[in-house]
Amino acid sequence: MDAELLSRVQFALTASFHFIFPPLSMGLGLMLLVVSGAYLRTKDPKWRQLAFFWTKVYGLIFALGVATGVVQEFEFGMNWADYSRFVGNVFGSLLAAEGVFAFFLEGGFLGLMLFGGNRLGPKLWFFATFMVVFGAHFSALWIIMANSWMQTPQGYEIVTDPAPARAVMTDFWQVVWTPSFLPRILHVFVASWTAGSALMLSVSAWYLLKRRHVDLARSNFTLALPLFIVLTVSNVVLFGANQAIEVTNEQPLKLASMEGLWQSTSCAPLYLFGWVDEATQTTTGVSIPCLLSVLAYFDPQATVAGIDSFAPAPTPPINLLFQVYHLMFGLGSLFVPVGLLGGLLFLWKRRIFETRWALWLFVVTVFFVEMAIIAGWWTAEIGRQPWVVYSVLLTADGVSPVLSAGEVIASLGMFIVLYGLLLVLFLYLLNGKIQHGPEPLEEVETVAVGSLPDTFRDVFRRRDRADVGDSS
């Protein structure tokens, strides 16, 4: 195995592990805003109790996300030096903007969010939470923007003097609004919100099964279920379909490879599952006739370009791409009936709270949502191969030239051990928080809510009084 392949394996490992946490932090952050907003609207103390509980869970997820995300910044320079040198003026600018405008915003309010329950009034605590959640989404926006430029690059030129050749930004707004950006960021946001609602449903369902915190769990489940239904349906019908249209228009070879479509076909079928034999250029499996033509062109008789139309252009590993894409598509489609089933059981005399098999279904759904999100990321990245910047820079030309296979093997082994330990630690701590459950409000609320500053004016008045006291 050479350094290039090993570096690709290492980046896939570290990025996939990291990608467990940002969708959960964005999704749980949104749900935390919904819970906090419910308290502001109703003043029901159960929502404040739940806000304290979910804030602790959010802090754990955020910590793992930051710790695993920093690693990739170093990998760009150490494993992919030629890539970093080539795209630094474009890709590096977007990553720098993410750090300056988004990460510092998110981190700046994080302490107020995590420790503000007994220091800020409900409105200011909600504001601090909102700024953290907004920062998380703003950070994802810059990251997806940079990655989308790699998928559909525009707004740049190749400069060769002085050597080496490199991409230089010529139009910032073309880079920002590269064709794949908007469909991808909307798809990512909605998928992340789905993960957050699924996590709330999972924990609430588990409490209902164990007959613990029943009143809180019923309220939390009732709050999260409608959002889960709306998000899963919209992601399949609207946002996922919209991204498929973007791939059809901008990366037709990628679309053909995702579906294992070897010859251009009218009324092209969409496979539910199957297997691609790249040696014989055949695809077998269960398919729905004409559905790919409908999704791509809204016309059952439309012709979808096959892989042979792009010969001799290099293709991605087609069977691997086919499998991860259909894993994402299959799971994403499965969440719709799961959500609708839960909604029907809820409307039918609230039977969902007593139907144990359905509650267990919601307990495990969050794991499959995470699996679908990671499979979606794999689809986007594998489908771009063998290009690291689509049709501009080959992945093989982006690896660090002085990197040896032995060095990558050593660091890869270290990451496998370290990330394995981190995963065990994360699951242990998360399970501990869930097992402990929401603490009674009188134990976590050490200061009466009415005595806390709830506006910026209150904060400045208290500081002024403190200054006067110090002077006297």
Side-chain angles (χ1 to χ4, degrees), residues 4 7-12 14-16 18-19 22 69 71-99 102 139-159 164-188 243-244 246-255 257-258 313-317 320-321 324-325 373-374 376-400:
E4 178 208 340
S7 293
R8 292 172 66 176
V9 171
Q10 178 174 293
F11 197 87
T14 55
S16 298
H18 167 67
F19 209 52
V71 170
Q72 288 153 82
E73 307 288 342
F74 290 97
E75 283 183 287
F76 286 133
M78 299 179 72
N79 293 70
W80 303 100
D82 281 356
Y83 161 78
S84 300
R85 192 177 296 112
F86 183 84
V87 303
N89 184 267
V90 181
F91 189 84
S93 300
L94 299 176
L95 289 191
E98 184 267 338
S139 177
L141 182 142
W142 290 103
I143 298 298
I144 298 300
M145 189 185 299
N147 188 267
S148 296
W149 181 83
M150 295 165 61
Q151 299 281 347
T152 52
Q154 65 175 26
Y156 73 99
E157 65 178 5
I158 304 297
V159 175
R166 62 200 182 280
V168 175
M169 187 185 303
T170 58
D171 189 323
F172 174 74
W173 293 111
Q174 281 195 14
V175 171
V176 168
W177 295 109
T178 185
S180 61
F181 168 64
L182 189 59
R184 297 184 77 224
I185 191 64
L186 293 175
H187 191 41
V188 167
Q243 187 169 350
E246 176 272 320
V247 172
T248 302
N249 295 332
E250 303 295 332
Q251 298 172 295
L253 174 57
K254 183 178 182 178
L255 175 72
S257 301
M258 286 160 53
T315 60
L320 177 58
L321 177 60
V324 295
Y325 166 70
I373 290 174
I374 294 174
W377 178 80
W378 277 48
T379 300
E381 299 306 292
I382 296 172
R384 191 184 62 234
Q385 298 304 319
W387 305 98
V388 66
V389 180
Y390 198 68
S391 296
V392 175
L393 180 68
L394 290 167
T395 305
D397 295 333
V399 72
S400 301

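No hydrogens, no waters, no symmetry mates; every other heavy atom, side chains included, goes into these values. All values derive from a computational prediction rather than experimental measurement.
Of all non-hydrogen atoms in Q151 and A380, the two that sit nearest each other are NE2-O, 3.0 Å. The two residues R85 and R166 come nearest to each other via the heavy atoms O-CB, 3.8 Å. In terms of heavy-atom proximity, L182 sits nearest to W177 at CD1-CZ3, 4.3 Å. Residues V392 and W387 come closest through the heavy atom pair N-CE3, 3.6 Å. Pairing each heavy atom of Y390 with each of E250, the nearest pair is CE2-O, 4.5 Å. Closest approach of G383 and K254 over heavy atoms only: O-CG, 3.7 Å.
Within 6.0 Å of atom CE in M169, more than 12 heavy atoms from other residues, nucleotides or ligands are found, so the atom counts as buried in its surroundings.
A distance of 10.5 Å separates NE2 of H187 from CD1 of I144, quoted to the nearest 0.5 Å. To the nearest 0.5 Å, atom OG of residue S148 and atom CD1 of residue I185 are 7.5 Å apart. A distance of 15.0 Å separates CH2 in W142 from CG in N147, rounded to the nearest 0.5 Å. With rounding to the nearest 0.5 angstrom, the CG atom of D82 is 12.5 Å from the CG atom of L394. Rounding to the nearest 0.5 Å places CZ of F19 at 7.0 Å from CD1 of I373. Atoms OG1 and CG, on T379 and L320 in that order, are 9.0 Å from each other to the nearest 0.5 Å.
Checked by atom type, the side-chain pair T395/E4 shows no donor-acceptor distance below 3.5 Å. Counting only N and O atoms by type, the side chains of T178 and T152 include a donor and acceptor under 3.5 Å apart. Between the side chains of S16 and W378, at least one donor N or O lies within less than 3.5 Å of an accepting N or O.
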List the steps, then state whether side-chain contact (heavy atoms from CB on, under 4.5 Å) holds for E75 with T14.
CA-CA 9 Å; E75 283 183 287; T14 55; 2.7 Å; yes

What do the steps show when you test L253 against T315 for side-chain contact (heavy atoms from CB on, under 4.5 Å), and what is the final call?
CA-CA 8 Å; L253 174 57; T315 60; 4.2 Å; yes

Could you go step by step and tell me if W149 and V90 meet the side-chain contact (heavy atoms from CB on, under 4.5 Å) rule?
CA-CA 9 Å; W149 181 83; V90 181; 3.6 Å; yes

Is there a side-chain contact (heavy atoms from CB on, under 4.5 Å) between I158 and V168 once you walk through the steps?
CA-CA 6 Å; I158 304 297; V168 175; over 6 Å; no

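Looking at L321 and Q385, their side chains never come closer than 4.5 Å, going by heavy atoms from C-beta outward. Side-chain contact between M150 and V388 is present, with heavy atoms from C-beta onward closer than 4.5 Å.
No donor-acceptor pair under 3.5 Å is formed between the side chain of S139 and the backbone N or O of A102.
Note: F91 and F76 have perpendicular aromatic rings, judged against thresholds of 30 and 60 degrees for the angle between ring planes.
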